[in-house]
Each structure stands twice: as structure tokens, then as C-alpha cells.
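Following: one structure in C-alpha cells, then a few remarks.
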Amino acid sequence: KKIIKLIKEKKLIFMKNSINNLKLPTYPNKLHDKINETNLINSANIIFNKDINFFMLERENNDLTFDKKYNPSQSSSEFFKAHLKKTISNLKNFFKRNNFSKVKCVDIGCGKGEFVNLLNNDNYFDCYGFDTSYAGNNKEIQKRYLNKSDFDSEVNLIILKYVLDYIHPPNEFLNFLKEIFPKAYIFIEGPYIEDSIKNNRFYDICFEQVNYFSKKTYSNFFNGNILEHGESFGNQYYYFISHIKYFNHNSLTDFKKQRFKKINLNSLFPKMKIQLENIKKISDNSDKLWFWGAARKSVMFLHHLFDFYDSKLNKNKFGCVDQNLSKRGKYLPSTKIQVISTHDLLDKISKKDKIVISNPSYKNEIENFLHSNLNFKPQIIVL
């Protein structure tokens with residue numbers, strides 16, 4: 001009986017690791033106002049189209065709501081602000097080389113409108129935006145989705161920053177953009193799966209993001225007609241400029257179900273278990289482990305960590321800090337770890353605590369802040 005029980009347990013473990021049914025927090029970028037809020041957890045499978053090196057989630061629920069509680073903004077960081085300004089400079093140089101005296105552009109999925117505002121601060125750009133999660137009063141931003149009545153043949157530039165990853169099927173959306181902005185160049189920027197795999201960032205896979213593009217996928221959308229491209233934001237993002245007229249209509253067949261095969265998270269990220277075990281050991285030898293960044297990387301890593309150890313971790317040994325004051329006092333989805341501000345951290349942190357930086361792009365900025373405000377140097381771990 002013991003042998004049979006052991007075989008069954010091993011089989012269950014094998015099944016858990018080999019099937020693709022992931023249980024994930026639905027909105028890692030929606031913090032909870034109260035600790036007793038219901039956790040929204042949904043199931044998804046990872047599927048893969050080898051021909052175009054494209055991954056996507058096959059989700060049990062695609063009816064997601066990106067309302068005013070949804071907050072992926074990184075604009076509290078000076079490093080991120082510098083990235084946005086550099087992006088604008090690159091766009092301006094591109095259009096000046098192509099003899100444009102002024103550029104009319106539309107930022108789709110503009111979030112809180114930071115990029116729209118920066119573009120309009122430069123008289124070279126005339127920008128308006130769309131986002132259902134927008135909560136401000138900028139008349140240049142519409143709190144809704146695009147529709148056919150938004151047709152505008154005078155738009156010179158379509159901007160999709162960290163947006164196409166959330167829209168499925170993405171090829172149909174690009175085809176729709178071609179119909180309503182037929183004369184526009186298109187700028188796309190977002191994460192690319194090669195970087196996530198190379199750096200073992202299994203926590204980049206999250207329920208709210210359905211698409212995981214590679215450079216090959218992006219190129220295929222426009223028949224290889226990429227006019228400018230590069231890596232940005234600490235090489236975590238890939239950006240390119242094309243023209244919507246180059247949209248590849250043949251790509252419409254790339255997203256048929258028969259083109260995909262299932263793959264599990266452990267196969268995609270074989271070092272996942274090792275990294276989780278390493279953080280567990282670090283936690284065991286610390287008074288407290290502070291995760292810097294109350295956004296999806298921290299949310300997803302902690303979700304997997306607590307799931308892997310099946311609630312055997314002491315939640316009181318974990319904390320989360322964010323420099324965005326609007327997140328102060330709120331709770332991470334899944335683990336319900338409370339978020340404190342950077343200045344609160346200065347009062348709470350001890351010499352035996354350690355800090356985990358979820359996004360390596362912010363390492364220098366965070367180290368400078370800590371070294372300038374503490375009389376000791378805390379140990380820092382970068383995921």
C-alpha cells in the first residue's frame with residue numbers, strides 16, 4: 001500500500017509539472033485595497049507556435065477588465081522617465097530623417113497618459129490616446145477602446161507600447177489599425193520572449209498578458225519590413241518601427257489552433273526550481289526579505305514561491321516596497337503582502353534584512369537611494 005501510495009504521489013507531482021494548467025493571479029497589476037479582498041485566480045495553458053517562435057496563453061477566461069484600479073505605471077522612477085524621453089528623441093529623429101515637419105500620433109493603451117503628455121510637451125508631436133484604465137481629465141485621452149469611427153487618414157504614427165502583448169489575436173488588431181490609420185508608421189515596444197527565457201524570468205508569464213512575442217514574430221507581422229529596431233530599457237524590451245501598409249495578411253493564419261503545441265512552465269524555464277530554492281534559502285537566513293516593486297514581477301515571483309512551498313513559508317518574513325505613493329498600504333494579489341513606501345522602508349529595515357530587486361533595470365537607482373539614506377549597506381539580490 002505504501003508503494004502504491006508513493007507511486008500515486010509521484011504521478012501527481014509529475015502531472016502537476018507536465019500538464020500546462022497554470023493557476024495564476026488574474027490581475028498582477030491590480031493591487032488590493034483590503035487584505036480580505038477575494039483573490040482572483042484563473043487557469044491557463046502555455047501554447048507555442050514554433051514556426052514564428054511565438055508563445056501565448058490559452059486562458060479559461062478572456063473577459064478581462066482594465067479599469068482605473070489597473071496600474072502598471074512605472075513613471076515614479078527617474079530611470080523609466082529617462083527611457084520615455086529617449087524614446088521620444090528616437091522617434092523625433094526618425095521622422096525628421098523622413099522629412100516630417102510635424103507628427104500626428106495616437107497612443108493606443110496609453111495607461112495613465114504619461115507618454116501622451118511628454119509627446120505633447122514637444123511641439124513636434126500632436127498626440128492623443130485611448131485607454132479604458134485612464135482616470136485623469138486630459139481631453140486628449142479617451143477612456144474607451146478604439147472603434148471604426150476613429151478613422152483618421154492624417155495620423156502619421158501609431159504607438160503601441162506594452163499593449164500588443166495583451167490583445168488577442170494580435171494580427172487581427174493590426175489589420176484593424178491598418179483600416180483606420182492607413183497612412184501611419186507604427187512604433188511597437190514590449191518585452192520579447194528570448195530575453196525572458198535567457199534570464200530565467202518565469203515570472204514574466206502572467207495571466208493578463210496573453211501574447212509572448214519574439215523578434216521573429218514581430219518581423220513576421222510586417223513581412224520583414226522593419227525600418228528601425230533595437231533593444232531598450234536594460235535590454236528587456238524590443239522596439240521597432242514599420243509602416244502599417246507592410247502588414248502581412250498571411251500572418252492571419254499563424255494563430256490557428258492547429259499551429260500550436262502545448263508546453264509547460266518548467267520546460268520553458270528549466271532553472272525555475274533552482275531560483276525558487278535559492279530565494280527560500282536567502283529568506284531562511286534573513287530577518288525579512290523586502291521585494292522592491294509592487295508590480296507584476298514581484299507579484300508573480302512571490303505567487304510561484306508560495307505555491308511551490310505550499311504555504312510552508314512565513315509570510316511575516318516577506319515585505320514589499322514601492323516608490324509610487326498610490327500603492328502604499330495596499331496588498332499584492334495572491335500573497336496579500338502589504339506594500340510600504342520607500343521612506344517607510346528606511347524606518348523598518350534592519351541590518352539582517354535583505355532586498356530583492358524584481359526588475360534589474362532599476363538596480364542602480366535603488367542602490368543609490370539606499371546608500372544615500374541608510375548608514376549601512378543592506379544585502380541586495382537581483383532576480
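All residue numbers refer to positions in the sequence shown, counting from 1.
With contacts defined as side-chain heavy-atom distances shorter than 4.5 Å, the pair K215/E231 qualifies. Looking only at side-chain heavy atoms (C-beta outward), Q236 and P191 stay at 4.5 Å or farther from each other. Proximity of H168 to N62: side-chain heavy atoms (C-beta onward) are nowhere separated by under 4.5 Å. With a 4.5 Å cut-off on side-chain heavy atoms, S334 and M300 do not count as touching.
A donor atom on one side chain and an acceptor atom on the other are not found under 3.5 Å apart for N171 and D254. Using modelled atom types, one finds a donor on one side chain and an acceptor on the other under 3.5 Å when comparing S77 with E365. Between the side chains of E140 and N120, no donor-acceptor pair is found at a separation under 3.5 Å. Q379 and D353 share no side-chain donor-acceptor pair at under 3.5 Å. Between the side chains of T217 and S214, at least one donor-acceptor pair of N or O atoms lies under 3.5 Å.
Between L383 and S358, the closest heavy-atom pair is CD1-CA, 3.8 Å. Heavy-atom minimum distance, K112 versus S133: NZ-O, 3.2 Å.
A cation-pi contact, defined as under 6.0 Å to the ring centre and within 45° of the axis, links R59 to F207. In this structure, K280 is positioned above the aromatic face of Y309, its NZ or CZ under 6.0 Å from the six-membered ring centre and within 45° of the axis. Cation-pi contact between K96 and Y124: present, with separation from the ring centre below 6.0 Å and deviation from the ring axis of at most 45°. Figure legend: cation-pi geometry between K161 and F115, with NZ or CZ positioned under 6.0 Å from the six-membered ring centre and within 45° of its axis.
With values rounded to the nearest 0.5 angstrom, T335 atom OG1 is found 12.0 Å from D307 atom CG. The CG atom of N53 lies 12.0 Å from the OG atom of S219; values are rounded to the nearest 0.5 Å. We find the CG-CG distance between L22 and L57 to be 7.5 Å, quoted to the nearest 0.5 Å. The NE2 atom of H243 sits 8.5 Å away from the CG atom of L227 when rounded to the nearest 0.5 Å. Interatomic distance, NZ of K23 versus CD1 of I41, reported as 9.5 Å (0.5 Å rounding). The distance from the CD1 atom of I355 to the CD1 atom of I380 is 5.5 Å, given to the nearest 0.5 Å.
Ring centroid separation for the pair F125 and F95 does not come in under the 6.0 Å cut-off. For Y237 and Y162, the ring centers are positioned less than 6.0 Å apart. The distance between the ring centers of Y246 and F222 does not fall below 6.0 angstrom. In this structure, F213 has its ring center under 6.0 Å from that of F221. A centroid separation of less than 6.0 Å is found between the aromatic rings of F55 and F48.
The backbone N or O of N123 sits less than 3.5 Å from a side-chain atom of K102, completing a donor-acceptor pair. Side-chain atoms of N98 come within 3.5 Å of backbone N or O of F94 as a donor-acceptor pair. Of the possible polar contacts, none joining the T65 side chain to the D67 backbone as a donor-acceptor pair under 3.5 Å is found. No side-chain donor-acceptor contact under 3.5 Å links E208 to the backbone of Y27. Side-chain N or O atoms of K183 include none that pairs as donor or acceptor with a backbone N or O of N156 at under 3.5 Å. Side chain of N223 to main chain of N225: no donor-acceptor pair is present (N/O by atom type, distance under 3.5 Å, no hydrogens or angles).
For the ring-ring contact (aromatic ring centres under 6.0 Å, His included) condition, the pairs that include at least one residue of residues 329-348, sequence neighbours left out, are H343-F369. Legend: side-chain hydrogen bond (donor to acceptor under 3.5 Å, both in side chains) pairs involving residues 314-326, not counting sequence neighbours, sorted by first then second residue: N324-S326.
Within a 6.0 Å sphere centred on NZ of K81, heavy atoms belonging to other residues, nucleotides or ligands number more than 12.
Between R144 and D150 a salt bridge is recorded (basic side-chain N to carboxylate O distance below 4.0 Å). Using a 4.0 Å cut-off between charged side-chain N and carboxylate O, E367 and K363 make a salt bridge. Electrostatic pairing of E37 and K69 counts as a salt bridge here, judged by a charged N lying under 4.0 Å from a carboxylate O. Using a 4.0 Å cut-off between charged side-chain N and carboxylate O, D131 and K143 make no salt bridge. Salt-bridge annotation for D344 and R328: present, with a side-chain N of the basic residue lying under 4.0 Å from a carboxylate O of the acidic one.
Remark: of the listed residues D126, I159, L84, I159 is the sole one forming a side chain to side chain contact (heavy atoms under 4.5 Å, CB included) with L119. Looking at Y362, Y238, Y239 one by one, the single match for ring-ring contact (aromatic ring centres under 6.0 Å, His included) with F233 turns out to be Y362.
Using a 30° and 60° split on the angle between ring planes, F318 and F291 fall in the tilted class, from 30° to 60°. Classified by interplanar angle (parallel below 30°, tilted 30° to 60°, perpendicular above 60°), the ring pair F301/Y203 is perpendicular. Between Y70 and F66, the ring-plane angle classifies as perpendicular under the 30° and 60° cut-offs.
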